[in-house]
Protein chains: 2
Amino acid sequence: MIRCVKCNQVHAITRAGILRGKQRYYCKDCKTYFTLPDADKKVVAETGKKHMATIVDIAKALNISKSTVSRALREHSDINPQTREAVLKKARQLDYQPNQLAQSLVKSKSNTIGIIVPEFLTYFFPTIIMGAQEVAAKAGYNVIICQSQETFKTEVANAQVLLSNRVEGVLISMTKDTKNFEHFRTFERHGIPVVFFNRVCEEMNTPRVLVDDYNGAFMAVEHLIKNGYKNIAHIGGPSILRISHNRLNGYKDALKKHKLKIKDELITHCDLSKDAAHACAEKLLNLKNRPDAVFCVNDPAAIQLMLVAKNMGIKIPEKLGVVGFSNDPISAVIDPALTTVEQPVADIGRTAMRLLLDNIKKGIDGFKPVTKSLKTNLIERQSSVRKK
Amino acid sequence: MIRCVKCNQVHAITRAGILRGKQRYYCKDCKTYFTLPDADKKVVAETGKKHMATIVDIAKALNISKSTVSRALREHSDINPQTREAVLKKARQLDYQPNQLAQSLVKSKSNTIGIIVPEFLTYFFPTIIMGAQEVAAKAGYNVIICQSQETFKTEVANAQVLLSNRVEGVLISMTKDTKNFEHFRTFERHGIPVVFFNRVCEEMNTPRVLVDDYNGAFMAVEHLIKNGYKNIAHIGGPSILRISHNRLNGYKDALKKHKLKIKDELITHCDLSKDAAHACAEKLLNLKNRPDAVFCVNDPAAIQLMLVAKNMGIKIPEKLGVVGFSNDPISAVIDPALTTVEQPVADIGRTAMRLLLDNIKKGIDGFKPVTKSLKTNLIERQSSVRKK
DNA sequence: CTGAAAGCGCTAACAT
DNA sequence: ATGTTAGCGCTTTCAG
């Protein structure tokens, strides 16, 4: 329903190109060109969203083409140094900030990496992210961090968000009850490299970064044995997770090596929550045949155990030796200080990110599904050392 | 340099519209239309970047227009239910994922919030982020998290990144040596709402979220006084930060109220790093007139103090009362357990994000620079309670 | 109810 | 060295 501004006619109107960004019309009847007055432009101006300068603004101000501006800004090929200077100056004047979204869209490259972690509750994942971000930033990549909150559904939603944001690669540590991997396979199907760390997916053929859980556990338990503990229990993690498996195996093999019996009643599994660890601790310490030492799947679990033991009046390390895993900052200051298996946490993040960037560069077909295993290291403190 | 496929001619070629996404040419000489064979399309296909389905793909497959597809996907206005079903089905079939970047570009709305925090070293900022993300996710917003690493330069770079990504709002906790605020003002200039939390900017007229540092400190010190400590020292934070100020004032006023002298030598300032706190602790405990209690600006500082005291053989709480601030998870398990001022950490994040989303909705002109002050709460543990 | 076309801000191939 | 044009994937009038 365009009405000619001159003859007030409706039927003889055709479009006639664009004039300064506005639709121009032509009235065949009175043979005039016209554009419509823009009544609503002001509304936008009033909402408070101050216009952000674009390359077109710069181009107009300098009376050159936007390609030239783009080239000047990107320090492209041959451009007149004077033009370039003028552009840069004007850009500063107008407070110009390149629009990443537009840039990404046209280049089909978002410069963004996605990270999915289960939680932020202990120092562990935040520290990994620090390491990963450090490496990403150096390579000019941004990072979108998602927390799955140990919930499968959230994890699937996270994957969607990352996909929608066209991340170029993804770092993942799964929730403890992820059994279906379709949402991860989607990445692969679209050629988006994935690297798992810590909680890795066995079913997928991707690079992974782990710490040497088996050896760490083995060292830990052997250390307990050497300190004279004989009835050693284990608070393990969820059995789906490879880390739980590996640590359990390390535990078992250390016992075997030293000819100690593996007793099923001494092996418990928690879901990595505080409460579950607490329950495991209570169960173990209330056994008729009470263990004289416990190797725990991680420090938070060990700390729960220590609290339960304190409450029951069981002396650590005299009556109960305790070893944790991961060297949480707490373990150094708790009393008695907790013996634990140190893992290079920030390094996990750095290594995973490096691996990922590498794979992005190579393209998904150049993928080698390497598994990097970082070294663990036993830190002996008081919770497991009996004075002789 | 387009060469006619028929007459091999170069000069009489004009463009003649687009055919199936490809430039069509017309040779005036031999009067034929033609398109160029696409030699390089394959290269793209070989790089491994699998094509992601777009609305055009869906449209073509269904032989309808992309507008219709868009409408069907967005559950727009009136659309034929059958068409909609068909579109949704095809979308699922093709593994279609909307391109957020394109969507954001056209809507000039990125659906993304930026967060700048100094570090991830203690549980504090990660926990705040958890809270903030929780609220953002519910409102359908993504979050880009930046760590300034307590470095002004990095903070400025962070701001640029967020600006380039066209975030719709920003949550900030400043580095301890941010004195210039141009990079924050840029947000305001572009109508992007900013909310500060914890380490707020006094010079800017924005909403802020704080905890009641003054009262927390006051309660803490009064608690020490009531437990019979008389020579109470303070390890404070960097004096530029408002939190340091407020906590210091709470300390002073509690002393005043109870007619205790404020002694300058008992007031020290650290930069919130472990080492600086350690140094402060050593300085205080080596004074001729050694304090019998210390109120610390945060728990990590208090823990450093406790370590130094332990090393020097000073008994806590008998010879030295200690109170921290923030209820770090460590403070509950350290020995003796640390009395501390609890702050609702995750709530800071939630409140700040709610305030921000609110301001985004209202537009920057509807801004009210409210300052929300969340309640603090003294948790009495052993480090400050002398058995009578 | 559907289609055509313009345009978000930018880059890049092509044409001077 | 610079301008012109097409197009990245999408939404949104406008016009049937």
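A, B, ... follow the sequence lines: proteins, then strands. Residue 1 opens every chain. Below, all heavy atoms of this structure are taken into account, side chains as well, without hydrogens, waters or symmetry copies.
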Engineer: I want to check one thing: is the phosphate of C:dA12, taken as OP1 and OP2, less than 4.0 Å away from some side-chain N or O of A:S67?
Structural biologist: no
Engineer: Counting only heavy atoms not in A:K109, do more than 12 fall under 6.0 Å of its NZ?
Structural biologist: yes
Engineer: Just compare D:dT11, C:dC10, D:dT2 and give me whichever is closest to any side-chain atom of A:I79.
Structural biologist: D:dT2
Engineer: Provide, to the nearest angstrom, the distance between the NZ atom belonging to B:K107 and the P atom belonging to D:dT13.
Structural biologist: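 Computing the B:K107:NZ to D:dT13:P distance gives 12 Å.
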Engineer: I want to verify a distance call: between D:dT13, C:dC8, C:dC10, whose nearest atom is closest to the A:N99 side chain?
Structural biologist: C:dC10
Engineer: Can you tell me which nucleotide in D:dT5, C:dG3, D:dA1 comes closest to the side chain of A:N80?
Structural biologist: D:dA1
Engineer: Give a yes or no answer on whether the side chain of A:S108 reaches the backbone of A:S104 with a donor-acceptor pair at less than 3.5 Å.
Structural biologist: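 Not at all, since once roles are kept as given, no pair shorter than 3.5 Å links the two residues.
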Engineer: Just by modelled atom types, is the B:Q82 backbone N or O under 3.5 Å from a matching donor or acceptor in the B:N80 side chain?
Structural biologist: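 Flag set: sc B:N80 to bb B:Q82 pair under 3.5 Å.
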Engineer: With respect to the phosphate group of D:dT11, does any side-chain polar atom (N or O) of B:R74 fall under 4.0 Å of OP1 or OP2?
Structural biologist: yes
Engineer: Determine, step by step, whether A:Q93 and A:I58 satisfy the side chain to side chain contact (heavy atoms under 4.5 Å, CB included) criterion, reporting the C-alpha distance in whole Å, the side-chain angles of both residues, the deciding distance to 0.1 Å, and the verdict.
Structural biologist: CA-CA 10 Å; A:Q93 245 176 58; A:I58 301 180; over 6 Å; no
Engineer: Can you tell me if the side-chain N/O atoms of B:S70 get under 4.0 Å from OP1 or OP2 in D:dT11?
Structural biologist: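 Yes, because at least one side-chain N or O of B:S70 sits under 4.0 Å from OP1 or OP2 of D:dT11.
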Engineer: Is any side-chain nitrogen or oxygen of B:T68 closer than 4.0 Å to OP1 or OP2 of C:dT2?
Structural biologist: no
Engineer: When all nucleic acid strands are considered with a 4.0 Å heavy-atom cut-off, which category describes A:T83: base, sugar-phosphate, or nothing?
Structural biologist: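 A:T83: backbone/sugar contact only, no base atoms under 4.0 Å.
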Engineer: Between D:dG9, D:dT5, D:dC10, which nucleotide has the shortest distance from any of its atoms to the side chain of A:L105?
Structural biologist: D:dG9
Engineer: How many Å lie between CZ on A:R71 and C1' on C:dA12, as a whole number?
Structural biologist: 9 Å
Engineer: Give a yes or no on whether a donor-acceptor pair under 3.5 Å exists between the nucleobase atoms of D:dG9, that is its base, and the side chain of A:R166.
Structural biologist: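 Result: no qualifying N/O pair found.
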Engineer: Once you round it to whole Å, what is the distance between C1' of C:dG9 and CG of B:N165?
Structural biologist: 14 Å
Engineer: C:dG3, OP1 or OP2 - any side-chain N/O from B:S65 closer than 4.0 Å?
Structural biologist: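 Yes, within the criterion.
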Engineer: Is there a donor-acceptor pair under 3.5 Å between the side chain of B:T206 and the backbone N or O of B:V195?
Structural biologist: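 Side chain of B:T206 to backbone of B:V195, a donor-acceptor pair under 3.5 Å: no, none is there.
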Engineer: Could you tell me whether B:L101 contacts a base, only the sugar-phosphate backbone, or nothing, with contacts defined as non-hydrogen atoms closer than 4.0 Å?
Structural biologist: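 The residue B:L101 makes no contact with any strand.
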